[in-house]
Undergrad: 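There's a structure below that I have some questions on.
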Amino acid sequence: MTVTEPVVERREVALVDLLDRLLAGGVVITGDLTLRIADVDLVRIDLKALISSVSERVPSPWGSTRTWED
């Protein structure tokens with residue numbers, strides 16, 4: 001019996017195209033950072049960031065109508 005591996009199509013994508021696709025849908029970045037010395041936690045930081053593109057068609061989540069020109 002032979003086992004065949006699935007064929008995966010390999011495409012090259014420009015970094016600009018990848019960033020455009022991620023920003024169009026938005027991306028969430030999360031992470032934890034702990035600084036410790038001798039098994040004693042000194043600083044713990046939880047990171048959460050939402051990165052998305054800005055458009056006039058998408059309303060602000062904060063409800064502000066202020067623009068940069070004001």
Side-chain angles (χ1 to χ4, degrees):
M1 184 165 139
T2 60
V3 177
T4 59
E5 293 183 20
V7 177
V8 177
E9 182 180 338
R10 187 172 181 168
R11 291 182 1 189
E12 290 188 22
V13 178
L15 181 60
V16 172
D17 294 333
L18 179 63
L19 287 175
D20 183 48
R21 183 174 291 181
L22 286 174
L23 291 176
V27 64
V28 176
I29 300 172
T30 61
D32 297 321
L33 177 67
T34 304
L35 299 176
R36 92 174 35 166
I37 296 177
D39 290 332
V40 176
D41 292 346
L42 299 176
V43 177
R44 182 167 186 246
I45 302 172
D46 293 327
L47 305 171
K48 293 181 184 173
L50 170 64
I51 300 174
S52 179
S53 62
V54 176
S55 172
E56 290 183 8
R57 293 180 288 159
V58 179
S60 171
W62 297 280
S64 174
T65 58
R66 184 176 175 146
T67 62
W68 289 105
E69 290 85 25
D70 290 345

Undergrad: What residues form a side chain to side chain contact (heavy atoms under 4.5 Å, CB included) with Ile45, not counting sequence neighbours?
TA: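 Result, side chain to side chain contact (heavy atoms under 4.5 Å, CB included) vs Ile45: Leu33, Val43, Leu47.
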Undergrad: Considering residues at least two apart in sequence or located in another chain, which fulfil the side chain to side chain contact (heavy atoms under 4.5 Å, CB included) criterion with Asp17?
TA: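 If we apply the side chain to side chain contact (heavy atoms under 4.5 Å, CB included) test to Asp17, skipping adjacent residues, the hits are Val13, Ala14.
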Undergrad: More than 12 foreign heavy atoms under 6.0 Å from CG of Leu18: is that the case here?
TA: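 Count over threshold, so yes.
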Undergrad: Which residues, ordered by chain and number, are linked to Leu50 in its hydrophobic cluster, where ILVMFWY side chains connect at heavy-atom gaps below 4.5 Å, directly or through other members?
TA: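 Answer for Leu50: Val28.
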